[in-house]
Amino acid sequence: MAMADMRPPIESGCPDGFQYMHPTMRRNFGLWKYHEDPKPGVLRHVAESGEEIFTVKVGTQRILDIFSLRELTSIGDEFADGYIRFTIRSNIEYYVTDESKVDPLIEAVEKLGYVVGGTKNSVTSLSHTQGWLHCDIPGTDASGVVKSMMDELIGEFKAWNMPNRVHITTSCCQINCGGQGDIAINVQHTKPPKIDHSQVANVCERPSVVARCPVAAIRPAMVDGMPSLEVDEKKCICCGACFPPCPPMMINDAEHSKLAVWVGGNHSNARGKPTFQKLVASAIPNNPPRWPEAAAIVKLILKCYKEDARDWERVGEWVERIGWPRFFELTGLPFTKYHIDNWRGARASLNASTHIRF
Ligand code: SF4
Ligand code: SF4
């Protein structure tokens with residue numbers, strides 16, 4: 001094919017964010033002098049040039065229908081010069097240069113039932129792995145967990161009550177997104193996968209599935225004269241990694257796919273190394289539509305953190321200072337054999353810093 005006939009590539013990557021920024025932010029990019037927090041949910045940034053901009057952060061119900069989006073964006077048109085941004089935690093942020101518009105904007109969003117907050121030492125919105133909308137491996141409806149949990153914690157979103165900011169994360173499978181929050185609510189499979197042997201030969205690339213298992217528990221096998229797979233259940237750690245490449249290895253289960261709560265994760269290395277979260281409560285019933293058992297445990301941990309941590313300690317720093325035995329004493333959560341990380345491979349394969357190993 002001659003070069004002239006070749007189709008140009010379709011640029012489908014992330015667009016340049018500058019074109020969407022409020023002009024005040026564009027003009028003062030990298031030239032901010034300081035910022036302050038006039039009240040919960042509101043930030044004021046002041047630039048070297050003397051220009052200032054207010055950010056109003058609003059919690060949403062996370063999965064937004066077109067009507068709610070229209071309502072929220074028309075408020076942006078009326079009070080925020082048409083400039084909004086969605087944060088990674090599905091909050092919406094409005095940018096306002098005229099201070100006199102901040103309170104009317106807050107009034108307008110609250111009138112529609114939205115909440116303003118999520119800044120400074122609050123519990124901001126839970127991060128969201130909405131697997132049932134877009135992903136192929138969820139074990140539960142993380143969006144529902146997030147919504148019901150945020151309903152319970154709405155007071156903590158709107159106030160500055162916590163020793164430091166609290167990031168809560170969820171995951172709807174056991175292996176991918178959603179970890180490393182101050183508190184994380186993750187799926188926990190407790191039984192090895194059940195294999196539908198009639199489907200394996202049609203659907204799965206058996207060598208990839210065998211290679212995918214972190215503990216080498218999967219072997220090729222012939223079942224009823226057909227090529228299939230078998231799982232050594234003594235080795236299986238019920239991670240669910242075999243399910244995405246091989247859906248006949250069913251691991252999701254209404255009764256045996258549970259939730260677990262993990263504590264103390266941190267991606268950032270601003271004040272110390274990034275940290276892994278640790279399991280503090282396991283086998284919590286996956287109990288829709290309000291997940292009361294998981295919500296009670298998260299609220300209990302937050303209560304103890306609020307009462308016992310020093311100012312500006314993150315959850316992980318608090319637990320490191322008081323020690324894990326004291327954490328279990330304070331919260332009253334049972335410490336069981338399932339809390340002991342005895343996986344031999346962890347030391348060699350898990351990164352404990354931002355350095356890349358080759
Ligand atoms: S947590 Fe798992 S199931 Fe949920 S969106 Fe992420 S990869 Fe998909
Ligand atoms: S669930 Fe995980 S450990 Fe068990 S067989 Fe599948 S990949 Fe291997």
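Below, all heavy atoms of this structure are taken into account, side chains as well, without hydrogens, waters or symmetry copies. Just so you know, ligand 1 is whichever comes first in the structure, and atom 1 is the first atom listed for that ligand.
Sulfur atoms SG of C135 and C172 are positioned 2.5 Å or more apart.
The pair E93-R85 counts as a salt bridge, with a side-chain nitrogen and a carboxylate oxygen less than 4.0 angstrom apart. Ion pairing between a basic and an acidic side chain is recognised when a charged N comes within 4.0 Å of a carboxylate O; R326 and D308 show no such pairing. Using a cutoff of 4.0 Å between basic side-chain nitrogens and carboxylate oxygens, K306 and E156 are scored as salt-bridged. Taking a cutoff of 4.0 Å between a charged side-chain nitrogen and a carboxylate oxygen, R321 and E317 do not qualify as a salt bridge.
In this structure, OH in Y95 is found 9.0 Å from NE2 in H45, a value given to the nearest 0.5 Å.
Aromatic pair Y83/Y20: centroids not less than 6.0 angstrom apart.
Nearest heavy atoms, F328 versus L279: CZ-O, 4.3 Å.
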Stepwise salt bridge (charged side-chain N to carboxylate O under 4.0 Å, His left out) test for K33 and E48: CA-CA 5 Å; K33 198 168 169 190; E48 300 282 358; 5.1 Å; no
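Atom 8 (Fe) of ligand 2 has C213 SG as its protein N, O or S neighbours under 2.8 Å. For atom 2 (Fe) of ligand 1, the set of protein N/O/S atoms nearer than 2.8 Å consists of C173 SG, ordered by chain and number.
In terms of protein heavy-atom proximity, atom 1 (S) of ligand 2 is nearest to G240 N, 3.3 Å.
With hydrogens and angles left out, the side-chain atoms of T140 and N286 include a donor and acceptor closer than 3.5 Å.
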